[in-house]
Number of protein chains: 2
Amino acid sequence: MKKKVSLKDIAQEAGVSTALVSYVLTNKEEKARVGQEMARKIRKIAQKLNYQPNHLARSLKSGRSDTIGLIVADISNPFFGHIARTIEDEAKQHNYTVIFGSSDENVDKSGDLINALLNRQVDGLIVIPAEGSEQQIRNLKERHVPFVIMDRPFPGVDASSISINNAGAAYEAVKHLLLAGRRRIGMIAYKTGLHHISERRRGYTQALSDYGLEKEKRIKLARYSHLRDDIRKAIGQLMRGKQPADALFFATNSLAIEGLRYISELGIRVPEQLAVVSFDESEAFDLYHTPVTFIRQPIPEMGKAAVRLLLEHIRDGDRPTAAICLDAELVIRQSSAKK
Amino acid sequence: MKKKVSLKDIAQEAGVSTALVSYVLTNKEEKARVGQEMARKIRKIAQKLNYQPNHLARSLKSGRSDTIGLIVADISNPFFGHIARTIEDEAKQHNYTVIFGSSDENVDKSGDLINALLNRQVDGLIVIPAEGSEQQIRNLKERHVPFVIMDRPFPGVDASSISINNAGAAYEAVKHLLLAGRRRIGMIAYKTGLHHISERRRGYTQALSDYGLEKEKRIKLARYSHLRDDIRKAIGQLMRGKQPADALFFATNSLAIEGLRYISELGIRVPEQLAVVSFDESEAFDLYHTPVTFIRQPIPEMGKAAVRLLLEHIRDGDRPTAAICLDAELVIRQSSAKK
DNA sequence: CTTGCTTACTTAATCGTTTAAGCATATATT
DNA sequence: AATATATGCTTAAACGATTAAGTAAGCAAG
């Protein structure tokens with residue numbers, strides 16, 4: 001790469017010190033009482049040489065990089081992509097840049113990522129934590145790194161977080177299925193200890209028991225690493241016997257998409273034979289022969305809130321933590337129509 | 001944020017100079033002839049204090065940031081998300097980090113992004129260029145910034161690029177429709193001068209004329225900014241009259257998804273009444289009632305190739321440019337079945 | 001004509017790291 | 001004994017920018 005133009009080059013050309021150039025180009029001429037003539041000259045030279053400040057050097061001096069680190073599970077998953085996009089936009093509004101990394105739901109990768117981002121001197125982190133990364137989060141807290149957890153708060157950790165009312169949303173979804181006349185409602189979730197998923201399970205369970213159906217609980221779990229096989233097995237189990245499920249509630253969109261693939265293969269009719277509701281949005285839900293009822297998370301609001309809260313933490317290291325909880329919306333379509 | 005541990009802190013604790021600490025921690029003890037005893041002591045202290053090198057300072061000194069910049073159109077679009085993911089993984093393999101930004105298919109944003117990334121001293125760029133950003137690319141070349149163009153090469157610019165055989169893939173897709181007995185094949189593409197789209201159009205046109213159907217050309221264009229409306233209008237036009245289209249070829253997945261939504265609304269039967277083929281992959285294509293035939297781009301290979309080529313350019317500023325062109329694969333499913 | 005205030009700059013230290021060059025001291029070679 | 005070599009460390013400059021503190025010249029006031 002061609003050598004970049006530095007303050008020194010401009011200073012040389014103008015016959016002055018780099019300090020003066022710096023004062024002018026950072027608009028501190030008043031304070032530094034730079035001559036108008038000279039200020040104009042410096043600016044002209046800077047323009048001519050196409051000077052671009054070296055952000056690294058500036059950061060080193062100032063201790064601020066104007067960069068935030070984002071850790072998601074997998075940037076190729078549209079849910080996280082969408083989050084990343086809103087964070088990017090909101091960050092840009094505040095003159096921040098985003099560095100990201102995918103943890104792949106893996107604790108070790110997550111730890112490496114956190115370190116890599118911190119070494120690059122990010123001013124703060126937005127983390128969608130992987131299972132088992134609780135200790136890493138505590139560690140951030142101890143080190144007084146400004147950070148915000150998104151999507152998956154840890155109940156035992158006092159940290160700022162942006163999340164949705166997972167239990168409530170799941171409750172509404174299941175209630176909706178019940179009101180549609182379904183009684184044997186299965187749920188397929190990830191096999192994980194992450195709080196957002198347990199909450200969704202809790203909402204499901206609560207709804208069933210509020211309707212006197214606690215005996216009808218049918219939760220099946222799938223491993224992130226064996227998604228396809230586990231889902232097929234789960235659906236196989238739920239649909240077999242004389243009392244097959246008449247509704248399925250999926251805890252995330254990836255579970256639903258994989259599940260619907262199999263349901264189509266099996267020739268199960270939706271919604272006549274089986275109603276379907278899923279957490280999260282997906283383009284695939286629109287194109288399914290009967291558009292899928294789903295729970296829409298307010299992703300743009302979540303992203304904006306995350307960035308704003310993080311910036312407050314960055315600006316004020318002592319800002320008390322805040323757990324922001326937003327509401328999700330049940331979007332009802334044909335896949336959960338009455339029997 | 002708590003003050004970070006620096007070389008100075010370690011040096012102080014060990015009672016030596018920072019230079020010595022640096023030699024040890026960068027494994028240059030041999031060269032610098034550091035005593036074994038001392039090396040061990042320094043390493044122990046570093047561990048105890050949990051020293052993490054300041055990447056910014058290192059980069060400032062070395063002139064290398066071990067960071068590559070990625071510019072996509074929109075990270076929330078799964079196609080770009082997928083690309084970003086493979087680039088991230090491949091970069092990590094080589095100890096590089098990725099900073100990204102979404103251009104929104106907008107020249108001004110693209111320019112701002114390029115500058116923002118370069119100011120942050122990225123070692124190189126991978127760019128999926130927006131329409132009209134040709135001059136920005138030329139400018140990169142002039143400034144000797146190492147970069148690789150992905151997905152959308154500019155025919156008039158001598159730059160390294162990774163792309164696919166767009167015309168060939170489109171040709172195969174249309175040929176496939178012709179062999180399936182379709183004769184009134186419409187195409188819906190973006191209204192853009194970007195080469196990859198023109199190439200797809202060229203492939204379509206070529207296939208028609210090779211089969212003696214040049215008169216049957218029906219290309220409709222949609223604006224990125226008015227996707228929904230333009231597609232509805234286009235499909236409306238293609239399907240009306242006594243010679244409605246019996247097949248549709250979509251130039252990208254977002255066009256297809258929007259198009260299929262409307263096709264479902266209109267109650268048009270696929271594939272009986274209308275065969276459908278789309279460029280690019282999508283989960284939605286699997287869940288469509290008749291799984292959609294599509295052209296699969298080799299995204300993982302493209303991402304890997306892009307990173308590798310970029311790293312070669314970074315290592316050797318004089319490396320001649322290379323235009324790598326990969327083949328895409330037509331995945332045939334029911335949406336394009338014989339009439 | 002000395003003191004003090006402006007104005008318009010420069011000097012120099014600093015951020016954290018790297019690395020060539022220098023400087024003692026000890027040991028080996030002739 | 002004089003010289004060379006090896007060993008183990010320190011010094012200091014550099015990367016590019018920021019900024020407090022210093023300086024020099026001009027001018028006004030006492």
Side-chain angles (χ1 to χ4, degrees), chain A residues 1-43 45-46 49-67 118-123, chain B residues 1-43 45-46 49-67 118-123:
Chain A
M1 215 176 327
K2 215 194 285 188
K3 224 192 83 249
K4 292 267 178 67
V5 177
S6 73
L7 286 188
K8 211 198 259 172
D9 300 313
I10 300 178
Q12 215 144 51
E13 176 125 1
V16 295
S17 70
T18 60
L20 202 65
V21 179
S22 171
Y23 284 126
V24 172
L25 297 184
T26 50
N27 298 310
K28 297 201 184 60
E29 348 169 22
E30 309 287 275
K31 206 178 138 212
R33 297 166 316 208
V34 182
Q36 296 215 357
E37 193 76 351
M38 184 53 83
R40 224 174 301 128
K41 182 174 171 189
I42 287 173
R43 263 187 253 276
I45 296 176
L49 300 182
N50 186 28
Y51 169 74
Q52 301 287 135
N54 182 326
H55 206 277
L56 255 46
R58 198 173 262 179
S59 298
L60 180 58
K61 184 83 219 309
S62 68
R64 306 171 48 248
S65 64
D66 298 309
T67 301
L118 289 180
N119 291 355
R120 279 180 162 77
Q121 312 302 116
V122 295
D123 293 336
Chain B
M1 214 171 338
K2 216 193 285 188
K3 224 192 83 247
K4 292 267 178 67
V5 178
S6 74
L7 286 187
K8 211 195 257 173
D9 300 312
I10 301 178
Q12 213 142 53
E13 176 127 1
V16 297
S17 69
T18 62
L20 202 64
V21 179
S22 170
Y23 284 127
V24 171
L25 297 183
T26 50
N27 298 310
K28 298 203 182 59
E29 348 167 22
E30 310 286 274
K31 208 179 138 214
R33 299 166 317 209
V34 182
Q36 296 213 356
E37 193 76 351
M38 184 53 85
R40 225 173 300 127
K41 182 174 169 189
I42 287 173
R43 262 188 255 275
I45 295 176
L49 299 183
N50 186 29
Y51 169 73
Q52 300 285 136
N54 183 324
H55 206 276
L56 253 46
R58 196 174 264 179
S59 297
L60 180 58
K61 186 82 221 309
S62 68
R64 306 171 48 246
S65 63
D66 297 309
T67 302
L118 289 180
N119 290 356
R120 279 180 161 78
Q121 311 303 117
V122 296
D123 293 337

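If you're wondering where the values come from, they're calculated on a predicted model, not measured in any experiment. Convention: sequence-line order gives letters A, B, ...; per-chain numbering from 1.
- Using a 4.0 Å heavy-atom criterion, one finds that A:S59 contacts no nucleic acid atom at all.
- Side-chain contact check for A:T67 and A:R120: no donor-acceptor pair (N or O, by modelled atom type) lies under 3.5 Å.
- Counting all heavy atoms, side chain and backbone alike, A:A32 lies closest to A:Y23 at CB-CG, 3.5 Å.
- For B:P53, the side-chain atoms get nearest to C:dT17 when compared with the rest of C:dT17, C:dG16, C:dA12.
- A:K3 has no side-chain polar atom (N or O) that falls below the 4.0 Å cut-off from OP1 or OP2 of D:dC15.
- Per the geometry, NE2 belonging to A:H55 stands 17 Å off C1' belonging to D:dC15, to the nearest Å.
- Across the protein-nucleic acid pair, B:I42 atom CD1 and C:dT18 atom P stand 13 Å apart, rounded to whole Å.
- Inter-residue side-chain proximity for A:E13 and A:D9 is flagged as unmet; no heavy-atom pair is nearer than 4.5 Å.
- Residue A:Y23 has its side chain nearest to D:dT19 when only C:dT18, D:dT19, D:dC15 are considered.
- Residues B:N50 and B:V5 are not in side-chain contact: their nearest non-hydrogen atoms beyond the backbone lie 4.5 Å or more apart.
- Partners of B:Q52 under the side-chain hydrogen bond (donor to acceptor under 3.5 Å, both in side chains) rule, at least two apart in sequence or in another chain, are A:N119.
- Contact annotation for B:K8: backbone-only contact, meaning every heavy-atom pair under 4.0 Å involves sugar-phosphate atoms and none involves a base.
- Here C:dG16 presents its P atom at 9 Å from CD of A:Q121, a figure rounded to the nearest Å.
- If you take NZ of B:K28 and P of D:dT7, they are 20 Å apart, rounded to a whole angstrom.
- The base of D:dA17 is not paired with the side chain of A:Y51 by any donor and acceptor separated by under 3.5 Å.
- Across the interface with DNA chain D, nearest-nucleotide mapping of B:A57 and A:A19 shows B:A57 to be the residue nearer the 5′ end.
- Side-chain contact between A:R58 and A:P53 is present, with heavy atoms from C-beta onward closer than 4.5 Å.
- End-to-end axis angle of the helix from C:dC1-D:dG30 to C:dT30-D:dA1, using five pairs per end and rounding to 10°, comes to 80°.
- For A:L7, whose side chain is taken as the heavy atoms from C-beta onward, the closest listed nucleotide among C:dG16, D:dT18, C:dT10 is D:dT18.
- Of the side-chain N and O atoms in A:S17, none sit less than 4.0 angstrom from OP1 or OP2 of C:dC9.
- What separates CG of B:D66 from P of C:dT18 is a distance of 12 Å, to the nearest Å.
- OP1 or OP2 of D:dA13 has not a single side-chain nitrogen or oxygen of B:K61 nearer than 4.0 Å.
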Practice prompt. Could you walk me through whether B:L7 and B:Y51 pass side chain to side chain contact (heavy atoms under 4.5 Å, CB included), step by step?
Written response: CA-CA 8 Å; B:L7 286 187; B:Y51 169 73; 3.5 Å; yes
Item to complete: Applying side chain to side chain contact (heavy atoms under 4.5 Å, CB included), run through B:K4 and A:Q121 and close with a yes or a no.
Response: CA-CA 10 Å; B:K4 292 267 178 67; A:Q121 312 302 116; 3.6 Å; yes
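- When each of B:L56 and B:R33 is assigned the nucleotide of DNA chain C bearing its nearest heavy atom, the one mapping closer to the 5' terminus is B:L56.
- B:K4 comes within contact range of no nucleotide atom at all, as no heavy-atom separation falls under 4.0 Å.
- Among the protein residues, A:T26 comes within range of the sugar-phosphate backbone only, with heavy atoms under 4.0 Å from sugar or phosphate atoms but none that close to a base.
- OP1 or OP2 of C:dT17 has not a single side-chain nitrogen or oxygen of B:S22 nearer than 4.0 Å.
- In this entry the distance linking CG of A:L60 with P of D:dT19 reads 13 Å, nearest Å.
- The side chain to side chain contact (heavy atoms under 4.5 Å, CB included) test with B:R43 singles out one residue from B:L25, B:I10, B:V21, and that residue is B:L25.
- Atom CG in B:N27 sits roughly 15 Å away from atom P in C:dT17 (whole-Å rounding).
- Distances were taken from every side-chain heavy atom of A:N54 (C-beta onward) to each of D:dA17, D:dC15, C:dA21; the shortest belongs to D:dA17.
- C:dT17 atom C1' lies 8 Å from atom CZ of B:R58, rounded to whole Å.
- Residue A:S6 places none of its side-chain N or O atoms closer than 4.0 Å to OP1 or OP2 of D:dG16.
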